[in-house]
Amino acid sequence: MANSKLYKGSLNTIILKLLDEQGKMYGYEITQKVKALTKGELKITEGALYPALHKLEAEGLLEVEVAKVDNRLRKYYKLTEQGEKETVNRLAELEDFIRSMQQLVNPKWSIS
Amino acid sequence: MSSVLTKEEIIFIDTYLINTDIQFIDVRMEMVDHIASTIEQKIKTKNTSFYLAFKAYMIENKKELEKNYKQQKKKNQLNGFKLLWPVLKKPGMVFLFIISLVLLHNFESFTGNEFPYIAVMWSYFIFIATVYFIFSIPFKKNRFSNLEALSWVIFVWHYVLMLIFNYNNLQPTFYAQLPWLINLFTAFFISFCTAWLFTFFKQRKHYKQKFRIE
């Protein structure tokens with residue numbers, strides 16, 4: 001990963017956004033999806049992903065579903081109603097942050 | 001070669017993690033799936049065997065797995081309080097706290113006797129501790145992180161009660177001097193233990209359903 005510290009603060013929002021798009025996902029699937037979307041630039045480690053998922057679950061933003069798949073139990077995560085609302089808020093916050101950063105780093109260029 | 005791992009290979013990964021001292025089954029289950037998915041991907045793309053893929057994975061990740069689990073286990077000791085907080089904030093629990101406080105405050109004027117603080121608190125404490133031991137029996141072979149986190153709450157309360165009542169023994173006029181404080185504490189204790197019971201049975205039901213434990 002180019003600079004993990006830059007991504008760290010946005011990990012929860014990335015997870016929420018992916019689950020909003022995909023419906024339900026399991027841990028490994030999230031790591032692979034992020035890796036594919038960022039063309040290998042961002043690799044989420046287990047040490048960062050699972051604590052983040054458990055925290056979001058404890059906050060009531062995610063709910064889990066356990067299913068038997070390929071001879072093992074698999075834990076799927078999906079957004080709760082509260083999680084769906086929170087995803088909208090956090091994405092808006094992230095977009096504001098990106099906009100502010102762009103104004104600081106490159107005042108002439110804008111995403112909107 | 002099929003990349004889907006056999007039941008025996010899954011058991012092999014699980015046993016390896018148990019021997020690495022990863023005890024909580026809910027945490028281990030997720031690790032097993034993650035490791036198995038990674039190995040299946042390696043078998044598929046690199047056409048390697050299960051054993052070689054597993055060995056390569058562990059060489060690369062074992063230290064981090066152990067480190068993460070240790071951190072998680074440490075944090076888990078405080079998780080019981082985090083699980084209880086949303087329940088304590090619920091209107092029903094706030095109502096119970098207020099009702100308990102009002103009743104405690106007026107107990108002496110209603111009955112003419114002093115409220116048996118020590119007997120009530122210790123009885124409720126012993127009750128929740130007994131509930132924990134009896135109702136976690138089906139789980140004994142499987143340690144679940146949230147149930148164990150709730151047992152830490154009982155452990156902490158035990159010391160809080162010991163501390164308060166030992167202090168009280170040294171100061172017999174404690175209740176008479178600060179009746180509002182002991183009423184406040186008792187009302188909180190009653191609400192807290194009730195919230196604990198709700199949380200414990202909710203978590204137990206969750207694990208029973210999700211992990212199909214009879």
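Residue numbers start from 1 in every chain, and the chains themselves are labelled A, B, ... in the order their sequence lines are given, proteins ahead of strands.
Residues Glu46(A) and Glu64(B) fail the side-chain proximity criterion, which asks for heavy atoms closer than 4.5 Å. Side-chain atoms of His34(B) and Tyr50(A), non-hydrogen and from C-beta on, do get closer than 4.5 Å to each other.
Heavy-atom pairs under 4.5 Å with chain A were tallied for Asn79(B), Thr6(B), Val32(B); the largest tally goes to Thr6(B). When each of Asn68(B), Ile35(B), Asp14(B) is checked for heavy-atom pairs under 4.5 Å with chain A, Asn68(B) comes out on top.
A distance of 9.5 Å separates OG1 in Thr45(A) from CG in Asn61(B), rounded to the nearest 0.5 Å. Taking CZ of Arg74(A) as the start and CE of Met29(B) as the end, the distance is 10.0 Å to the nearest 0.5 Å. The line from CG of Asp26(B) to CG of Leu73(A) is 11.5 Å long, rounded to the nearest 0.5 Å. Summarising the geometry, atom CG belonging to Asp70(A) is positioned 8.0 Å from atom CG belonging to Leu5(B); distances are rounded to the nearest 0.5 Å. Note that CD of Glu40(B) is 8.5 Å distant from OH of Tyr28(A), once rounded to the nearest 0.5 Å.
When heavy atoms are compared at a cutoff of 4.5 Å, Leu65(B) approaches chain A solely by way of its side chain, counted from C-beta outward. Contact of Val69(A) with chain B is not made at all, since no heavy-atom distance falls under 4.5 Å. Neither the backbone nor the side chain of Gln71(B) comes within less than 4.5 Å of any heavy atom of chain A.
Within 6.0 Å of CZ in Phe127(B) there are 12 or fewer heavy atoms belonging to other residues, nucleotides or ligands. Atom CD of Glu21(A) has more than 12 heavy atoms from other residues, nucleotides or ligands within 6.0 Å. For CZ of Phe198(B), the number of neighbouring non-hydrogen atoms (other residues, nucleotides, ligands) closer than 6.0 Å is 12 at most. In the displayed structure, Trp85(B) atom CH2 is contacted under 6.0 Å by at most 12 heavy atoms of other residues, nucleotides or ligands.
Annotation: side chain to side chain contact (heavy atoms under 4.5 Å, CB included) contacts of Lys78(A) (sequence neighbours excluded): Lys24(A), Glu63(A), Glu65(A).
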* Test side chain to side chain contact (heavy atoms under 4.5 Å, CB included) on His206(B) and Val64(A) and set out the steps. => CA-CA 10 Å; His206(B) 168 82; Val64(A) 297; 3.7 Å; yes
* Decide side chain to side chain contact (heavy atoms under 4.5 Å, CB included) for His54(A) and Gln72(B); before the verdict, give the C-alpha distance in whole Å, the side-chain angles of both, and the deciding distance to 0.1 Å. => CA-CA 10 Å; His54(A) 299 157; Gln72(B) 200 172 344; 3.5 Å; yes
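Looking only at distances, no side-chain donor or acceptor of Asp33(B) sits under 3.5 Å from a matching main-chain atom of Arg72(A).
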